[in-house]
**Student:** 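Below is the structure I would like to discuss, written out as structure tokens.
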Amino acid sequence: MKTIVPRSFYERPDVETIARELLGKVIVTEFDAGRTTGIITETEAYAGVLDKASHASGGRRTARNEPMYGRGGLAYVYLCYGIHHLFNVVTNVKGVPHAVLVRGIRPLEGMEVMRARRGGTKLTTSGPGTLTTALGIRTELSGSDLLTGPIRLEDHGIRFPPEDLLVGPRIGVDYAGEDALLPYRFRIAPSRLPSWAR
DNA sequence: ATACCGATTAACT
DNA sequence: GTTAATCGGTATA
């Protein structure tokens, strides 16, 4: 049973819960090269204006992060370190800039296309920059709708046991002071995934 | 107009 | 464990 993740999933108030429940959901992109999909294995929650690690910290609002202020279920894609396109799922209602960064996927469909996009024999999709390359996600897709746009999220009914869930502090946000310690990183234990998916 | 820097990655030692 | 690559976004003036 494959269903599009509904608007009501994204528009809930608790971004941590949404980040955790996004594990196991499937990201789908379909461009000229064909359908490519992956199971979400790692996420991080970014809790809006009160979160010093968020691009919306203190109510900061610019052309780049404008999608964060849109309705839940939009994509927020931005360029990091001049190279990497990072993909976020916008949550909460319009005007509340919560988001979830997707940090890892397990490749599911279109493996050869993704491998070609990554330009090598190995297919690494375990980091926020590598998975967007594999899926063909770019900053120009920022602001698109995950229910009707070129990037979609599906529920394939994939579930995993609670003991496989790891929770810890977020990566690369040392500048956020005490907020860097918040347990907002969620992932499926890598040891529970086949080695090619790590 | 200018300066600083990042929600990272890959290739090193 | 360390570090170079790389450039748009943002703040400052």
Side-chain angles (χ1 to χ4, degrees), chain A residues 10 14-23 25 27 38 40-70 72-92 96-107 114-144 146 151 153 166-188 190 195-198:
Chain A
Y10 303 105
D14 187 351
V15 67
E16 297 168 61
T17 298
I18 297 171
R20 177 168 44 78
E21 292 180 1
L22 277 171
L23 298 175
K25 298 293 190 294
I27 305 178
I40 297 175
T41 58
E42 180 175 346
T43 61
E44 283 178 356
Y46 285 83
V49 300
L50 298 177
D51 182 353
K52 292 187 180 68
S54 171
H55 288 172
S57 175
R60 188 152 48 116
R61 186 168 186 165
T62 66
R64 178 176 69 153
N65 72 3
E66 183 61 27
M68 296 181 84
Y69 288 85
L74 299 185
Y76 169 43
V77 186
Y78 71 94
L79 192 64
C80 186
Y81 291 97
I83 309 171
H84 309 293
H85 300 250
L86 270 53
F87 170 68
N88 295 256
V89 173
V90 175
T91 73
N92 216 303
V96 183
H98 288 190
V100 176
L101 171 69
V102 178
R103 292 190 58 90
I105 62 168
R106 166 178 162 165
M114 291 193 280
R115 199 191 315 276
R117 283 176 179 147
R118 289 279 299 142
T121 54
K122 295 178 182 175
L123 176 54
T124 302
T125 56
S126 65
T130 60
L131 72 90
T132 54
T133 300
L135 290 170
I137 294 174
R138 305 175 304 283
T139 56
E140 65 195 72
L141 301 173
S142 190
S144 66
L146 298 174
I151 312 168
L153 257 60
L166 300 181
V167 183
R170 294 171 291 186
I171 300 298
V173 295
D174 292 348
Y175 58 85
E178 60 188 9
D179 286 350
L181 302 176
L182 294 169
Y184 282 1
R185 181 190 187 204
F186 304 89
R187 58 187 163 136
I188 301 172
S195 60
W196 51 263
R198 288 180 211 157

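Letters go in sequence order (proteins before strands), and every chain restarts at 1.
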**Student:** Taking the side chain as C-beta and beyond, is there a heavy-atom pair between A/L135 and A/F87 under 4.5 Å?
**Tutor:** no
**Student:** What is the distance from CG of A/L131 to P of B/dT8, rounded to the nearest Å?
**Tutor:** 12 Å
**Student:** To the nearest Å, give me how far apart CZ (A/R138) and P (C/dC7) are.
**Tutor:** 17 Å
**Student:** May I ask you to verify if any side-chain N or O of A/T62 is less than 4.0 angstrom from the OP1 or OP2 atom of C/dT10?
**Tutor:** yes
**Student:** So which nucleotide from B/dA7, C/dT6, B/dT9 ends up closest to the side chain of A/S54?
**Tutor:** B/dA7
**Student:** Think A/R60 has a side-chain N or O under 4.0 angstrom from the OP1 or OP2 of C/dG9?
**Tutor:** no
**Student:** Would you say A/R64 reaches C/dT10's phosphate, i.e. side-chain N/O to OP1/OP2 under 4.0 Å?
**Tutor:** yes
**Student:** When the distance from CZ of A/F87 to P of B/dA7 is rounded to whole Å, what number comes out?
**Tutor:** 18 Å
**Student:** Within the 4.0 Å heavy-atom criterion, would you say A/L86 contacts the bases, only the backbone, or no part of the nucleic acid?
**Tutor:** sugar-phosphate
**Student:** List the steps and the verdict of side chain to side chain contact (heavy atoms under 4.5 Å, CB included) for A/E42 and A/V102.
**Tutor:** CA-CA 6 Å; A/E42 180 175 346; A/V102 178; over 6 Å; no
**Student:** Please state how far atom CD1 in A/I137 lies from atom P in B/dA7, giving the value in whole angstrom units.
**Tutor:** 18 Å
**Student:** Go through A/N65 and A/Y76 one step at a time and tell me if the side chain to side chain contact (heavy atoms under 4.5 Å, CB included) criterion holds.
**Tutor:** CA-CA 7 Å; A/N65 72 3; A/Y76 169 43; 3.7 Å; yes
**Student:** With a centroid cutoff of 5.5 Å and a plane-angle limit of 30°, would you call A/Y46 stacked on B/dA7?
**Tutor:** yes
**Student:** Can you measure A/M68 atom CE to C/dG9 atom C1' for me and round it to whole angstrom units?
**Tutor:** 14 Å
**Student:** Does atom CD (A/E178) have a neighbourhood of more than 12 heavy atoms from anything else shown, all under 6.0 Å?
**Tutor:** no
**Student:** In whole angstrom, what separates A/Y81's OH from C/dT10's P?
**Tutor:** 15 Å
**Student:** With both distances under 3.5 Å as the test, what is the Watson-Crick or G-U wobble partner of C/dT6?
**Tutor:** none
**Student:** Flag the pair A/D14 / A/I18 as yes when at least one side-chain heavy-atom distance between them is below 4.5 Å, and no otherwise.
**Tutor:** no
**Student:** What's the OH-C1' distance between A/Y78 and C/dG9, to the nearest Å?
**Tutor:** 12 Å
**Student:** Classify the side chain of A/H84 and the base of B/dA7 as holding, or not holding, a donor-acceptor pair under 3.5 Å.
**Tutor:** no
**Student:** Rounded to whole Å, how long is the line connecting atom CG of A/L79 with atom C1' of C/dA5?
**Tutor:** 13 Å
**Student:** Heavy-atom nearest nucleotide on DNA chain B for A/R118 versus A/Y175: which residue maps closer to 5'?
**Tutor:** A/Y175
